[in-house]
Engineer: 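Okay, here's the structure, questions in a sec.
Chain letters run A, B, ... following the sequence lines, proteins first, then strands; residues in each count from 1. The shown structure was predicted, so the numbers you read here are calculated from the model rather than taken from an experiment.
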2 protein chains.
Amino acid sequence: MKPTLQTVADRVGVSRSTVSNAYSRPDQLSPELRERILDAARELGYSGPNPTARSLRSGRAGAIGVLFTTALSIAFTDPYAVQFLRGLAEVAEDNRTGLLLVPLRDDDEGALEAVRNAAVDGFVVYCVPGWYKAMEAAWARGIPVVNSDHFGSLFVGIDEIASTRAAGEHLMRLGHRRVAIVADYISPDRRTGEVSVPSVEDLGSYVSRERLTGYRDAFAAAGLEWSEVITISAAGNSREHGAAAAAYALDRAPRPTAVVATTDLLALGVLDALAARDLRPGRDVSVIGFDDIPDAAQAHMTTVRQPALDRGRIAGRLLLDPPDDPADRRVVLPTELVVRASTGPASTGSV
Amino acid sequence: MKPTLQTVADRVGVSRSTVSNAYSRPDQLSPELRERILDAARELGYSGPNPTARSLRSGRAGAIGVLFTTALSIAFTDPYAVQFLRGLAEVAEDNRTGLLLVPLRDDDEGALEAVRNAAVDGFVVYCVPGWYKAMEAAWARGIPVVNSDHFGSLFVGIDEIASTRAAGEHLMRLGHRRVAIVADYISPDRRTGEVSVPSVEDLGSYVSRERLTGYRDAFAAAGLEWSEVITISAAGNSREHGAAAAAYALDRAPRPTAVVATTDLLALGVLDALAARDLRPGRDVSVIGFDDIPDAAQAHMTTVRQPALDRGRIAGRLLLDPPDDPADRRVVLPTELVVRASTGPASTGSV
DNA sequence: TTGAAAGCGTTACCAA
DNA sequence: TTGGTAACGCTTTCAA
């Protein structure tokens with residue numbers, strides 16, 4: 001039989017409350033009694049109050065649920081995601097709170113149940129396309145939910161549209177007119193290949209939708225029709241998928257003078273594809289990514305920098321201590337276009 | 001006021017038990033009554049049984065605690081670790097169980113409390129040096145603990161010593177006699193630099209200790225004294241630390257003909273250091289890693305392959321369903337020396 | 001098929 | 001400073 005508070009109380013000859021206080025409110029009893037209680041506990045093999053019972057009574061689960069799609073391996077392969085998580089973990093730790101991972105593969109019943117059954121004080125959603133039913137389940141729980149994409153009552157993110165619009169303007173200024181865009185989550189069947197995106201607004205994935213919108217707007221302002229832009233779907237957010245997707249842009253004539261991607265991971269794949277074809281980034285083909293992960297700098301890649309760590313930190317703070325003022329419940333972080341060697345003037349003469 | 005089971009029961013005019021059954025045991029009541037209950041719940045905004053209360057009553061937390069040291073960012077930067085976690089997550093998911101991350105930075109009181117306060121059914125320990133007090137706290141909880149290093153009652157791992165012994169023998173066969181070893185966690189002050197390791201047995205880190213032992217034994221069998229081997233401590237398990245550590249081996253005369261590392265991440269750093277000095281791996285200096293992460297293959301690096309995904313999976317299974325037979329509670333997985341281009345005959349003539 | 005009663009192990013609150 | 005009492009919201013057992 002596992003020892004409980006009562007066991008210890010009986011042994012020392014005090015009440016449960018006193019033993020409870022010895023653990024949770026050391027200032028509420030004399031140091032010597034506390035010492036006696038702790039000794040008895042050790043002797044009995046009592047390792048402290050049962051976390052679950054404590055949670056039930058105190059109304060605090062002591063954990064934040066982290067909702068994300070895609071295999072764990074992908075989620076943690078993206079340096080951007082890891083940074084976000086790190087910021088979140090930092091704040092969680094400071095608040096004596098754990099992080100409960102809730103992977104949402106395949107939007108099935110199992111995922112729904114996982115969300116409903118998670119003993120957490122709130123959810124942080126990251127990389128979850130809006131169509132996931134699990135999102136509704138999270139809302140239904142009636143606990144705080146922080147979103148980075150579709151705007152909820154608690155939000156921390158960036159101005160996605162303005163970010164890629166700036167990137168697109170940069171491209172237009174350089175004179176590019178044959179442009180391809182690589183994005184994940186834009187093909188319903190999750191295949192890699194060229195897809196037609198007649199109306200960007202209808203895309204299910206918030207991130208891809210917004211980022212494409214920014215590019216579309218920038219192109220339009222420069223007189224480049226959206227219908228002339230090649231849109232390619234990547235089956236997932238990885239370097240390999242990016243390279244595979246890039247092939248659909250690079251192996252056609254006339255070849256685009258610029259290939260932009262919705263994430264750095266994809267864009268790095270585009271660079272790989274260029275290298276495989278002996279094409280020079282910024283000379284033969286310009287490339288732009290998004291996130292500014294460390295590898296982007298190393299690859300001299302033009303990209304949009306966003307504060308991943310801060311996003312995570314702020315998500316944690318919003319969740320643990322939701323501001324009353326609605327204005328404070330939505331945080332939009334600044335981004336910055338980082339121009340490096342992977343973009344250059346359009347070489348209009350190329351094949 | 002948040003709705004509870006009782007709220008719903010009152011609304012429908014049934015007892016709590018029946019509502020409970022509607023969620024947890026659908027076969028225990030008529031489909032139509034269940035439907036009525038679920039409808040009422042929806043109407044009242046009741047999102048299902050409170051996970052904490054359910055846990056308390058049923059005695060199942062529905063989560064596995066994952067104990068690890070080092071910043072989250074480092075932990076998730078190592079592809080080996082991510083694979084392990086992925087295997088674990090897979091099994092957890094199949095068993096409707098979550099993963100609670102419990103980072104153990106700086107072995108302080110906070111970490112202890114985090115372990116004591118984690119609402120979990122067991123702990124999986126990974127990358128935690130044996131000296132951490134948090135480990136004791138985990139054991140004290142009286143719930144299953146799966147270890148990959150210091151042998152507990154539940155264990156899944158590999159024969160570390162035999163693995164590096166094979167690698168060491170490979171090196172000896174190639175004629176290397178000037179050898180350096182890069183390892184993390186072998187310097188008490190966590191600095192990068194050459195350290196003296198008179199007796200390998202005394203190292204605090206299980207992994208480094210075992211892997212060094214294997215090399216030591218292989219060298220000894222070939223007549224190479226341990227005292228002649230250069231041991232270098234890396235401040236952490238990362239490519240950068242590996243490169244920094246390698247400098248202590250490469251920038252000395254006579255230069256070692258081989259530099260081995262206790263992880264692939266470190267070994268990749270060694271390769272970086274070689275490249276920075278225009279030294280050719282396998283010709284000028286032989287390099288061996290450990291883990292066989294994808295980048296290792298890409299870098300044509302000789303290394304020891306271990307089944308990371310399986311390790312994670314088995315850890316999960318051991319925890320969720322501990323075998324009765326003690327023999328089944330310890331699983332040792334096979335490893336394999338993968339010889340690639342980074343090792344070659346010792347070029348004895350080099351400076 | 002449904003319901004009543006008894007906890008699960010703790011903390012909050014108030015009285016002593 | 002300490003103790004008694006009453007929940008926290010649920011599941012389980014057993015009886016109807």
Engineer: Less than 6.0 angstrom separating the ring centers of A:Tyr46 and A:Tyr23, yes or no?
Structural biologist: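 Under 6.0 Å, so yes.
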
Engineer: For A:Ala118, does its backbone N or O pair with a side-chain atom of A:Arg141 as donor and acceptor, under 3.5 Å?
Structural biologist: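 It does hold such a pair.
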
Engineer: Using atom CZ of B:Arg60 as one end and atom P of D:dC10 as the other, report the distance to the nearest whole Å.
Structural biologist: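 Computing the B:Arg60:CZ to D:dC10:P distance gives 17 Å.
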
Engineer: Of the options B:Val146, B:Val124, B:Val91, B:Asp328, which is the one that meets B:Leu318 in a side chain to side chain contact (heavy atoms under 4.5 Å, CB included)?
Structural biologist: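 When B:Val146, B:Val124, B:Val91, B:Asp328 are each tested with B:Leu318, the side chain to side chain contact (heavy atoms under 4.5 Å, CB included) holds only for B:Val146.
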
Engineer: Between B:Arg57 (CZ) and D:dT11 (C1'), how many Å, whole number?
Structural biologist: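 Atom-to-atom, B:Arg57 to D:dT11, this comes out as 5 Å.
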
Engineer: Mind listing the residues from residues 14-42 of chain B sitting with a heavy atom below 4.0 Å of DNA chain C? Number order is fine.
Structural biologist: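 Residues of residues 14-42 of chain B under 4.0 Å from DNA chain C: B:Val14, B:Ser15, B:Arg16, B:Ser17, B:Thr18, B:Gln28, B:Leu29, B:Ser30, B:Leu33.
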
Engineer: Going from CZ on B:Arg25 to OG1 on B:Thr18, what distance comes out if it is rounded to the nearest 0.5 angstrom?
Structural biologist: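 Output value for this atom pair is 12.5 Å.
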
Engineer: Taking only side-chain N and O atoms of B:Tyr46, does any of them lie within less than 4.0 angstrom of OP1 or OP2 on D:dG9?
Structural biologist: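 False: B:Tyr46 side-chain N/O out of range (4.0 Å or more) of D:dG9 OP1/OP2.
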
Engineer: Taking atom P of D:dG3 as reference, at what distance in whole Å does atom CG of A:Leu5 sit?
Structural biologist: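 These atoms are roughly 13 Å apart.
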
Engineer: Salt-bridge test for A:Arg36 and A:Asp39: reply yes if a basic N is under 4.0 Å from a carboxylate O, no otherwise.
Structural biologist: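 So A:Arg36 does not pair with A:Asp39 through a salt bridge.
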
Engineer: State whether B:Asp310 and B:Arg313 are salt-bridged, where the test is any N-O pair (Lys NZ or Arg NE/NH1/NH2 against Asp/Glu carboxylate O) under 4.0 Å.
Structural biologist: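 A salt bridge links B:Asp310 with B:Arg313.
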
Engineer: Within this structure, what is the CD-OG distance for the pair B:Glu160 and B:Ser148, rounded to the nearest 0.5 Å?
Structural biologist: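 Going from the CD atom of B:Glu160 to the OG atom of B:Ser148 covers 9.0 Å.
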
Engineer: At the 4.0 Å heavy-atom cut-off to chain A, mark where contacts on DNA chain C begin and end, going 5' to 3'.
Structural biologist: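 Span of nucleotides near chain A: C:dG9 to C:dA12.
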
Engineer: If you measure from CZ on B:Arg96 to CG on B:Leu320, what distance do you get to the nearest 0.5 Å?
Structural biologist: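 One finds 12.5 Å between CZ of B:Arg96 and CG of B:Leu320.
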
